[in-house]
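Below is one structure, written out as structure tokens; the observations come after it.
Both ligands and their constituent atoms are indexed starting at 1 by order of listing. Every value quoted in this text rests on a predicted model; they were computed, and no experiment measured them.
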Amino acid sequence: MIGILGGAYLWVKAGHLIFVIFWMAGLFMLPRFFVYHQESAAGSAEEAQWVDREDRLLRIILKPSIIIVWLLGLALALDTGAFGQGWFHLKLAVVLILSGYHGWMVSYAKKLKAGQRTLSGKMLRLVNEVPGLAAAVIVVLAIVKPF
Ligand code: HEM
């Protein structure tokens, strides 16, 4: 499969990075929305607005981005033979953790929609550090390829 993308390789890589940016932006925004959502009165019009904003962020930005990042990333990996390289194994592990975090955020949005506010604002601000840390590790692995 090595070289399957041919001359399209750099375009696929550019697409990969464009959607990485969209995905990260969405992951940074969603817990902030949750914090403001939880500061609104239960059952208020403001709460309904936050539910709507969260729905749209998930549907228009986050869902398409995670799918495209994965598809283009896997195409790049097949093209370059990355599956046999050490840095890629760790990158894949961190990306899986990030995808799990994404899934957890989706499930928390559903809880909030059902009126269950189980996490404190402080906790939400704290978990908001996860995508930043994961992105820093992933970028170093993908660019420096230390092993
Ligand atoms: C979702 C699964 C992902 C897969 C399967 C994947 C796979 C890949 C592969 C195979 C490359 C080509 C590396 C090379 O040039 O040899 C690449 C490039 C890159 N990826 Fe990903 N990636 C994924 C997600 C991410 C995420 C979440 C980030 C950042 C937060 C990221 C950042 C980068 C960067 C910065 C490059 C450019 C490296 C370079 O050209 O030097 N990737 N990715």
| What residue and atom, counting heavy atoms only, is the protein's closest point to atom 30 (C) of ligand 1, and at what distance? | V20 CG1, 3.7 Å
| task | Using a 4.0 Å heavy-atom cut-off, say whether W87 meets ligand 1 through its side chain, its backbone, both or neither. | result | side chain
| In terms of residue, atom name and distance, what is the protein heavy atom nearest to atom 1 (C) of ligand 1? | V95 CG1, 3.1 Å
| query | Do you know which of F33, Y101, F34 makes ring pair (Phe, Tyr, Trp, His ring centres under 6.0 Å) with Y108? | reply | F34
| query | Tell me: protein heavy atom nearest atom 39 (C) of ligand 1, and distance? | reply | K13 NZ, 3.5 Å
| request: For atom 10 (C) of ligand 1, grab the closest protein heavy atom and report residue, atom and distance to one decimal in Å. | output: A77 N, 3.2 Å
| said: I'd like to know if V20 and L10 are part of one continuous hydrophobic network [Ile/Leu/Val/Met/Phe/Trp/Tyr, side-chain heavy atoms within less than 4.5 Å]. | reply: yes
| Shortest heavy-atom approach to atom 34 (C) of ligand 1 - which of L17, I67, V139, L78 | L17
| Nearest protein heavy atom to atom 4 (C) of ligand 1, by residue and atom, and its distance? | G73 CA, 3.6 Å
| note | Quick look: L76 vs ligand 1, heavy-atom contacts under 4.0 Å, and the answer is both
| Any non-hydrogen atom of K145 lying under 4.0 Å from ligand 1? | yes
| task | Check each atom of ligand 1 against the heavy atoms of W70 and keep those under 4.0 Å away; list them by number with element. | result | 1 (C), 2 (C)
| message | Tell me which N, O or S atom from H16 is the closest to atom 21 (Fe) of ligand 1. | response | NE2
| message | Between H102 and L30, does the side chain to side chain contact (heavy atoms under 4.5 Å, CB included) criterion hold? Intermediate values first, please. | response | CA-CA 10 Å; H102 177 133; L30 193 58; over 6 Å; no
| Just how far is it from atom CE of M123 to atom CD of Q38, taken to the nearest 0.5 Å? | 12.0 Å
| Atoms of ligand 1 close to L74 [distance to a heavy atom under 4.0 angstrom, numbered from 1] | 5 (C)
| What distance separates I138 CD1 from K91 NZ, expressed to the nearest 0.5 Å? | 6.5 Å
| field | Nearest non-hydrogen protein atom, atom 33 (C) of ligand 1 | value | K91 NZ, 3.4 Å
| task | Do me a favour and list the nearest non-hydrogen protein atom to atom 27 (C) of ligand 1 with residue, atom name and distance? | result | W23 CZ3, 3.7 Å
| query | Hey, what's the ring geometry for F88 with F83, parallel, tilted or perpendicular (30° and 60° as the breaks)? | reply | perpendicular
| task | Give the residue and atom name of whichever protein heavy atom lies nearest to atom 28 (C) of ligand 1, and the separation in Å to one decimal. | result | I138 CG2, 3.4 Å
| Around K110, counting heavy atoms of other residues, nucleotides and ligands shown, do more than 12 lie under 6.0 Å from its NZ? | no
| said: Using only atom types and a distance under 3.5 Å, with no angle test, would you say the side chain of D79 pairs donor to acceptor with the backbone of I4? | reply: yes
| query | Once you round to the nearest 0.5 Å, how far does OG1 of T80 lie from CE of M1? | reply | 12.0 Å
| message | Just to be sure I read this right, does ligand 1 sit under 4.0 Å from the backbone of Y9, its side chain, both, or neither, counting only heavy atoms? | response | side chain
| message | Using a strict threshold of under 4.0 Å (side-chain N to carboxylate O), is an ion pair present between R117 and E47? | response | yes
| query | Just wondering, is there an N, O or S atom on V69 that's nearer than 2.8 Å to atom 21 (Fe) of ligand 1? | reply | no
| query | If you round to the nearest 0.5 Å, how far is CG of L62 from CG of L27? | reply | 5.5 Å
